[in-house]
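The next block holds one structure in the form of structure tokens; read it before the comments.
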Amino acid sequence: MAERISKTNFEEKIAGGKVLVDFYSDSCVPCKRQNPVLSNLEEKYGEKISIFKVNSNFDSELAEKYSVMAAPTLILFENGKEKDRKTGFQPLEVLEEWINN
């Protein structure tokens, strides 16, 4: 399962390589559906990409900094810089194609 991070360690965690950050909310049904997909992605591509979770309710400063308006919002970082984002539930096939390109 993806590690939950917060503003105290966010910059450190996204600094190197490809990183996928899931901005989620505990009460969000699509977020709950996204969890097993992210687990599968982590299992298949754990060597290629790091996956972390940020609870938008508890870390609203991070959500605001990255203009997260809906949950789930998945942001792809490369070497600490935002490369792309997707909002809403994303199936495994979409995420695989996304991180491989």
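Applying the salt bridge (Lys or Arg N to Asp or Glu O under 4.0 Å) test to Lys7 and every residue at least two apart in sequence or in another chain returns Glu61. Listed by chain and residue number, Asn100 satisfy the side-chain hydrogen bond (donor to acceptor under 3.5 Å, both in side chains) test with Lys48 (two or more places apart in sequence, or in another chain). Evaluation of the salt bridge (Lys or Arg N to Asp or Glu O under 4.0 Å) rule for Glu78 yields no partner, not counting sequence neighbours. Remark: Glu11 pairs with Lys65 by the salt bridge (Lys or Arg N to Asp or Glu O under 4.0 Å) rule, at least two apart or across chains. The ring pair (Phe, Tyr, Trp, His ring centres under 6.0 Å) check on Phe23 picks up nothing, with sequence neighbours excluded. In this view, Arg33 satisfies the salt bridge (Lys or Arg N to Asp or Glu O under 4.0 Å) rule with no residue, not counting sequence neighbours. Residues satisfying the side-chain hydrogen bond (donor to acceptor under 3.5 Å, both in side chains) test with Thr73, not counting sequence neighbours, are none. With sequence neighbours excluded, the residues forming a side-chain hydrogen bond (donor to acceptor under 3.5 Å, both in side chains) with Lys13 are Glu3, listed by chain and number. With sequence neighbours excluded, the residues forming a side-chain hydrogen bond (donor to acceptor under 3.5 Å, both in side chains) with Asn35 are Lys53, listed by chain and number. Residues meeting the side chain to side chain contact (heavy atoms under 4.5 Å, CB included) test with Lys86, sequence neighbours left out: Gln90, Val94, Trp98. Scored by the ring pair (Phe, Tyr, Trp, His ring centres under 6.0 Å) test, Tyr45 finds no partners at all (sequence neighbours excluded). In terms of the ring pair (Phe, Tyr, Trp, His ring centres under 6.0 Å) criterion, residue partners of Phe10 (sequence neighbours excluded) are, by chain and number, Tyr66, Phe77.
Rounding to the nearest 0.5 Å places CG of Asn40 at 6.0 Å from CG of Leu92. Atom CD1 of Ile75 sits about 9.0 Å away from atom CD1 of Ile14, to the nearest 0.5 Å. Atom CE of Met69 sits about 10.5 Å away from atom OG1 of Thr87, to the nearest 0.5 Å. Interatomic distance, Leu38 CG to Leu20 CG, rounded to the nearest 0.5 Å: 6.0 Å.
Under the 4.5 Å side-chain heavy-atom criterion for Ile, Leu, Val, Met, Phe, Trp and Tyr, Leu74 and Val68 are members of distinct hydrophobic clusters. At a threshold of 4.5 Å between side-chain heavy atoms, the hydrophobic network of Ile, Leu, Val, Met, Phe, Trp and Tyr places Leu62 and Val19 in one connected group. Both Phe52 and Val54 belong to a common hydrophobic cluster when Ile, Leu, Val, Met, Phe, Trp and Tyr are linked at side-chain heavy-atom distances under 4.5 angstrom. Linking Ile, Leu, Val, Met, Phe, Trp and Tyr residues whenever their side-chain heavy atoms come within less than 4.5 Å leaves Phe58 and Tyr24 in two separate clusters.
Here the closest heavy-atom approach between residue Lys44 and residue Glu96 is recorded as NZ-OE2, 2.5 Å. Across all their heavy atoms, Val37 and Leu95 have their closest contact at CG1-CD1, 3.8 Å.
Side chains of Asp26 and Asn57: a donor-acceptor N/O pair is absent below 3.5 angstrom, by distance only. Ser6 and Asp59 share no donor-acceptor pair across their side chains, judged by distance under 3.5 Å alone.
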Working for side chain to side chain contact (heavy atoms under 4.5 Å, CB included), residues Leu76 and Ile99: CA-CA 8 Å; Leu76 186 61; Ile99 66 168; 4.2 Å; yes
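Residue Asp22 is tested with Pro72, Ser56, Cys31 for a side chain to side chain contact (heavy atoms under 4.5 Å, CB included); the sole match is Pro72.
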